[in-house]
Amino acid sequence: MSEIWAVLEHSDATLHEQSGELLSELLDISRRLPTSPKVCAVLLHSQQEELPDPDLLPKLGVHHLYILEHPQLVRYSTEAYVSALAWFIQQRTPVLVATSATPNGRDWTPRLASQLHLPYVPNCLSLDLHDDGLFVLHSMYEGRAYVQTRTALHSRTALATFVPGVRGMAVNRQRSFSEFTLSATNVLRMTKLIPEMRRGRGQERVRHLAVQAPSPEEIELDAAERIIAGGRGIGQEGFTTIASFARLLDAAVGATRVATDLGWVEHARQIGATGKIVRPKLYIACGISGAAQHTSGMTESQTVVAINPDPSAPIFALSDLGLLGDANQILPLAAKMLEEC
């Protein structure tokens with residue numbers, strides 16, 4: 001039976017939070033295909049690590065988990081992932097191999113495609129397989145336009161990455177309790193394999209030393225899960241306060257066009273119609289009135305917190321939580337509360 005693989009990321013014995021979204025998308029793709037290929041999860045793992053809890057998989061309808069175990073997979077490395085997955089693909093030849101477009105996912109997928117000479121499509125919003133082609137919807141110009149592309153497969157395995165956060169909740173809340181209970185009781189079959197990963201002299205060109213979190217000024221807005229943004233109302237000195245608070249949340253620093261035009265922040269930090277389009281889980285707007293030029297770049301944020309002294313500021317209409325006051329005073333108080341927790 002043909003298969004579709006979801007390569008799942010994990011850390012500290014926990015599946016990546018976008019795993020459910022990816023699996024749900026692939027299950028929908030499988031249902032639309034006449035052959036109904038089986039959707040399988042794939043974990044790359046070392047015997048030295050604790051396996052993440054796989055309970056999510058049968059709840060979503062995924063009943064087969066492949067575990068690739070090897071000492072070289074104790075932590076992520078491009079060469080180890082590419083080597084293990086290349087071996088596995090050559091063993092079974094799945095219809096589609098997909099992962100989330102995380103930093104790691106965007107790293108190993110094109111290299112794997114190049115090594116095996118496979119068709120590869122990155123940053124998919126949606127995907128369909130038919131007529132020996134891969135039909136994908138992409139966003140262009142920072143989300144201001146959309147285009148559908150067709151990639152010929154020639155009966156080869158396809159590789160793809162999906163943009164996280166597009167689908168939303170992985171489990172359909174409208175399902176009945178009986179349906180959910182029946183799905184949850186299904187058995188998950190786990191297959192452990194040891195991939196053949198040859199290591200020649202000098203093969204390990206990257207050596208792991210340590211993990212260091214970037215500063216808020218270095219985190220890419222596109223990849224940030226939390227963003228603290230400032231506008232004219234925060235003032236130039238207020239961006240120092242924003243950066244300090246952002247460090248506590250491991251968040252990125254963003255800004256409005258006015259703040260970047262005034263030279264308070266570099267233009268790469270601008271969010272809006274002429275800047276970046278962002279989709280973080282948490283967006284905190286400090287001293288931002290809510291002009292359309294800026295809000296067009298952050299309306300897809302999952303949770304918006306607005307801090308502004310003007311009760312009539314339009315940003316409050318878009319926020320899930322509004323704080324009336326000066327962000328230069330509120331952020332230090334919030335930071336103190338977080339440090340005391």
K.L.:
Would one find more than 12 heavy atoms of other residues, nucleotides or ligands at under 6.0 Å from atom CG of Asp12?
P.N.:
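No, CG of Asp12 has 12 or fewer neighbouring heavy atoms, counting only those of other groups under 6.0 Å.
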K.L.:
First locate atom CD of Glu21, then atom CD of Gln18, and finally report the distance between them rounded to the nearest 0.5 Å.
P.N.:
5.0 Å
K.L.:
With a 4.5 Å heavy-atom cut-off, do Met197 and Trp87 have their side chains touching?
P.N.:
no
K.L.:
Drop me the distance from Cys40's SG to Glu3's CD, to the nearest 0.5 angstrom.
P.N.:
4.0 Å
K.L.:
Show the numbers, then the answer: is there a side-chain contact (heavy atoms from CB on, under 4.5 Å) between Lys276 and Asp222?
P.N.:
CA-CA 8 Å; Lys276 298 281 188 179; Asp222 297 339; 3.6 Å; yes
K.L.:
So which atom in Leu60 and which in Gly20 form the shortest heavy-atom distance, rounded to 0.1 Å?
P.N.:
CD1-CA, 3.7 Å
K.L.:
Any idea which heavy atoms bring Pro314 and Gly290 closest together, and the distance?
P.N.:
CB-O, 3.9 Å
K.L.:
Apply side-chain contact (heavy atoms from CB on, under 4.5 Å) to residues Val121 and His138 and explain how you reach the verdict.
P.N.:
CA-CA 10 Å; Val121 183; His138 296 277; 3.3 Å; yes
K.L.:
Is there a chain of hydrophobic side chains (I, L, V, M, F, W, Y, each step under 4.5 Å between heavy atoms) that links Val95 to Leu22?
P.N.:
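Both belong to a single hydrophobic cluster.
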K.L.:
Do other residues, nucleotides or ligands put more than 12 heavy atoms under 6.0 Å from the CD1 atom of Ile194?
P.N.:
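Atom CD1 in Ile194 is not crowded, with 12 or fewer foreign heavy atoms closer than 6.0 Å.
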K.L.:
Which heavy atom of Pro119 sits nearest to which heavy atom of Thr157, and what is that distance?
P.N.:
CD-O, 3.3 Å
K.L.:
Kindly compute the distance separating NE2 (His45) from NE2 (His70), expressed to the nearest 0.5 Å.
P.N.:
14.0 Å
K.L.:
Measure the acute angle between the ring planes of Trp5 and Phe88, then classify it against the limits of 30° and 60° as parallel, tilted or perpendicular.
P.N.:
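Taking Phe88 first and then Trp5, their aromatic rings lie parallel (interplane angle under 30°).
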K.L.:
Show, in sequence, the C-alpha distance, side-chain angles and deciding distance for Arg111 and Ser114, and conclude whether the side-chain contact (heavy atoms from CB on, under 4.5 Å) test is met.
P.N.:
CA-CA 5 Å; Arg111 289 167 172 80; Ser114 175; 5.6 Å; no
K.L.:
If hydrophobic clusters are built by linking Ile, Leu, Val, Met, Phe, Trp and Tyr wherever their side-chain heavy atoms come under 4.5 Å apart, do Leu321 and Leu338 end up in the same one?
P.N.:
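In one cluster: yes.
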K.L.:
Is there a path of hydrophobic side-chain contacts, each under 4.5 Å between heavy atoms, that joins Val39 and Leu15?
P.N.:
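Yes, same cluster.
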K.L.:
CZ/Phe162 to OG/Ser100 distance, rounded to the nearest 0.5 angstrom?
P.N.:
9.0 Å
K.L.:
Among the clusters formed by ILVMFWY side chains lying less than 4.5 Å apart, do Leu73 and Val82 turn up in the same one?
P.N.:
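In one cluster with Leu73: Val82, yes.
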K.L.:
Would you call Leu331 and Cys286 a side-chain contact if the rule is heavy atoms closer than 4.5 Å?
P.N.:
yes
K.L.:
Do Val7 and Thr109 come within less than 4.5 Å of each other through their side chains, counting heavy atoms only?
P.N.:
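Contact flag for Val7/Thr109 side chains = no.
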K.L.:
How close do Ala160 and Tyr120 get, heavy atom to heavy atom, and via which atoms?
P.N.:
N-CD1, 4.3 Å
K.L.:
Mind checking whether Val97 and Leu85 have side chains closer than 4.5 Å, heavy atoms only?
P.N.:
no
K.L.:
Any side-chain heavy-atom pair from Gln236 and Leu262 closer than 4.5 angstrom?
P.N.:
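Result no, sub-4.5 Å side-chain heavy-atom pair not found.
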K.L.:
With a 3.5 Å cut-off and no angle check, do the side chains of Thr102 and Glu9 form a donor-acceptor pair?
P.N.:
yes
K.L.:
When rounded to the nearest 0.5 angstrom, what distance separates OG1 in Thr274 from NE2 in His294?
P.N.:
11.0 Å
K.L.:
Are any side-chain N or O atoms of Arg232 and backbone N or O atoms of Val258, one a donor and one an acceptor, separated by less than 3.5 Å?
P.N.:
no
K.L.:
When you compare the side chains of Asn104 and Tyr81, does any donor N or O come within less than 3.5 Å of an acceptor on the partner?
P.N.:
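Side chains of Asn104 and Tyr81: no pair found under 3.5 Å.
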K.L.:
Is a donor on one side and an acceptor on the other found under 3.5 Å between the side chain of Asp326 and the backbone of Asn328?
P.N.:
yes
K.L.:
Can a donor-acceptor pair be found, under 3.5 Å and without considering hydrogens, that links the side chain of Thr260 to the backbone of Arg257?
P.N.:
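Looks like yes, one N/O pair under 3.5 Å.
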K.L.:
Taking Ser155's backbone N and O only, do any of them form a donor-acceptor pair with Asp132's side chain (distance below 3.5 Å, no angle check)?
P.N.:
yes
K.L.:
Is the closest side-chain heavy-atom distance between Pro122 and Arg106 below 4.5 Å?
P.N.:
no
K.L.:
Establish whether Ile284 and Ile330 are linked, either directly or via other cluster members, by ILVMFWY side-chain heavy-atom contacts under 4.5 Å.
P.N.:
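Yes, same cluster.
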K.L.:
Less than 4.5 Å apart, any side-chain heavy atom of Val187 and any of Pro58?
P.N.:
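A side-chain contact is absent here, since even the closest heavy-atom pair is not under 4.5 Å.
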K.L.:
For Leu51 versus Ala13, what's the shortest heavy-atom pair and its separation?
P.N.:
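For Leu51 and Ala13, the tightest heavy-atom pair comes out as O-CB, 4.2 Å.
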K.L.:
Would you call Asp55 and Lys59 a salt bridge, taking side-chain N to carboxylate O under 4.0 Å as the test?
P.N.:
no
K.L.:
Does this structure show an ion pair linking Arg269 with Glu266, if we count only N-O contacts that are shorter than 4.0 Å?
P.N.:
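Yes.
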K.L.:
Between side-chain atoms of residues 302-313 and protein atoms elsewhere (two or more places apart, or another chain), which donor-acceptor pairs fall under 3.5 Å?
P.N.:
from, atom 1, to, atom 2, distance (Å)
Asn308, OD1, Asp310, N, 2.9
Asn308, ND2, Ile288, O, 3.1
Asp310, OD1, Ser312, N, 3.0
Asp310, OD1, Ser312, OG, 2.8
Asp310, OD2, Ser312, OG, 3.3

K.L.:
Test Leu65 against every option in Met190, Arg189, Lys192 by the side chain to side chain contact (heavy atoms under 4.5 Å, CB included) rule and name the one that passes.
P.N.:
Met190
K.L.:
Quick one: pull up CD in Gln48 and CZ in Arg75 and give me the separation to the nearest 0.5 Å.
P.N.:
8.5 Å
K.L.:
Taking all atoms of both residues into account, what is the closest heavy-atom pair of Ile277 and Arg279, and its distance?
P.N.:
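Minimum heavy-atom contact is CG2-NH2, 4.1 Å.
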K.L.:
Do the side chain of Arg156 and the main chain of His117 share a donor and acceptor less than 3.5 angstrom apart?
P.N.:
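Yes; at least one donor-acceptor contact below 3.5 Å.
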K.L.:
Does Val62 reach the side chain of Leu26, with side-chain heavy atoms less than 4.5 Å apart?
P.N.:
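A side-chain contact is absent here, since even the closest heavy-atom pair is not under 4.5 Å.
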